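Okay, structure first, notes after.
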Amino acid sequence: MTSTERPLRIVLAEDSPLLRAGVESVLASAGHDVCAAVGDAPTLLHAWEAYGPDVVVTDVRMPPTNTDDGLRAAAAIRKLQPKLPIVVLSQYVSVAYLDELLGDAAEGGVGYLLKERVGHVRQFLEAVARVARGEAIIDPDVVRALVKATRSRGPLAALTPREREVLALVAEGHTNSGIAQRLTVSEAAVRKHIGSIFSKLPLEDGDRRVQATLVYLRSLG
């Protein structure tokens, strides 16, 4: 950290205790205050709410499902606090929730760094500082994956991850009530998602539920 950069209050999420301790030590040695270092996505959300950090640094895969929980939590935080800088530090490339992190509503800095490419402590600290200043630093592999995913989704590219999830359940034949139960949301929320899906997809007059299902199935081909 240079003399012109202020110390940052950081919430860190990493499920590996050894890596979590290492990253925490690196940040602390640079003068930053790691106000919480946690190992799962729900605790990350609680720590963000409790401490109001300047920056969130999170892994992608962590409990409770060990899939993309960290990235999902980061997207939820970004939705509630668009200006908060977020650094994703992972060995995995996942594009499922990058729209929320990089979209027009996202005002704060964002970074997606692959652990294997962060070769030096200074490089990592500089990336955190730049994201804190509002910059975007995305690993080239992540950019390529995002472009590929956007192209392959075709008309589904306009849908949010949740809307794509709802559409997949519609295509499986689930009713609004069944979708609500599976996603643990209200039927009103499901109706809202479906209405948004219908407005974004290129549908004609007729049974829009059937047409949306056909659009989804064609996107899988």
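Everything numeric in this text was worked out from a predicted model, so none of it was measured. All residue numbers in this chain count up from 1 along the given sequence.
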Would you say that [X] contacts [Y] through its side chain, given a criterion of any heavy-atom pair below 4.5 Å between the two side chains?
X	Y	value
R209	F198	yes
I86	V55	no
T213	R208	no
L201	I197	yes
E165	P161	no
I10	D33	no

Rounded to the nearest 0.5 Å, how far does [atom2] of [Y] lie from [atom1] of [X]?
X	Y	atom1	atom2	value
R164	L156	CZ	CG	7.5 Å
L167	R162	CG	CZ	13.5 Å
L71	D59	CG	CG	10.0 Å
L159	S196	CG	OG	7.5 Å
H46	D40	NE2	CG	8.5 Å
L114	L89	CG	CG	8.5 Å

Under a single-linkage definition using a 4.5 Å side-chain heavy-atom cutoff for Ile, Leu, Val, Met, Phe, Trp and Tyr, are [X] and [Y] assigned to the same hydrophobic cluster?
X	Y	result
L19	L125	no
M62	V88	no
L80	V38	yes

Atom of [X], atom of [Y] and distance for their closest heavy-atom approach:
X	Y	answer
A73	L45	O-CD2, 3.8 Å
D54	P85	O-CD, 3.1 Å
L84	P53	CD1-O, 3.2 Å
R78	V110	NH2-CB, 4.3 Å
Q81	W48	OE1-NE1, 2.7 Å
I179	V166	CD1-O, 4.1 Å

Side chain of [X], backbone of [Y]: donor and acceptor closer than 3.5 Å?
X	Y	value
R9	V34	no
D139	L113	no
E172	L169	no

Side chain to side chain contact (heavy atoms under 4.5 Å, CB included) partner of Y112, chosen from I138, I137, V87, V131: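 That would be I138; it is the only one of I138, I137, V87, V131 passing the side chain to side chain contact (heavy atoms under 4.5 Å, CB included) with Y112.
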No-hydrogen, no-angle side-chain donor-acceptor test under 3.5 Å, T65 and T67: yes
Mind listing the side-chain donor-acceptor pairs of residues 22-30 below 3.5 Å, one per line with the distance, residues two or more places apart or on another chain?
{"from": "S29", "atom 1": "OG", "to": "S25", "atom 2": "O", "distance (Å)": "3.3"}
{"from": "S29", "atom 1": "OG", "to": "V26", "atom 2": "O", "distance (Å)": "2.7"}

Audit row: R61, D69, salt bridge (charged side-chain N to carboxylate O under 4.0 Å, His left out) steps and yes/no: CA-CA 6 Å; R61 294 189 178 181; D69 297 79; over 6 Å; no
Pair V190-V185, side-chain contact (heavy atoms from CB on, under 4.5 Å): steps then yes or no: CA-CA 7 Å; V190 172; V185 297; 3.7 Å; yes
R130 and E135: CA distance, side-chain angles, deciding distance, salt bridge (charged side-chain N to carboxylate O under 4.0 Å, His left out) verdict: CA-CA 6 Å; R130 289 174 59 188; E135 297 183 39; 2.8 Å; yes
K115 with E14: basic N within carboxylate O range, under 4.0 Å: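 Counted as a salt bridge, because a side-chain N and a carboxylate O are separated by less than 4.0 Å.
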Cationic N near anionic O, under 4.0 Å, R20 to D15: no
Residues that, via side-chain heavy atoms closer than 4.5 angstrom, fall in one hydrophobic cluster with L214: V210
Heavy atoms of other groups near E49 CD, more than 12 under 6.0 Å: no
Atom CZ of R182: over 12 foreign heavy atoms under 6.0 Å: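 No - once you tally the heavy atoms of other residues, nucleotides and ligands closer than 6.0 Å, there are 12 at most.
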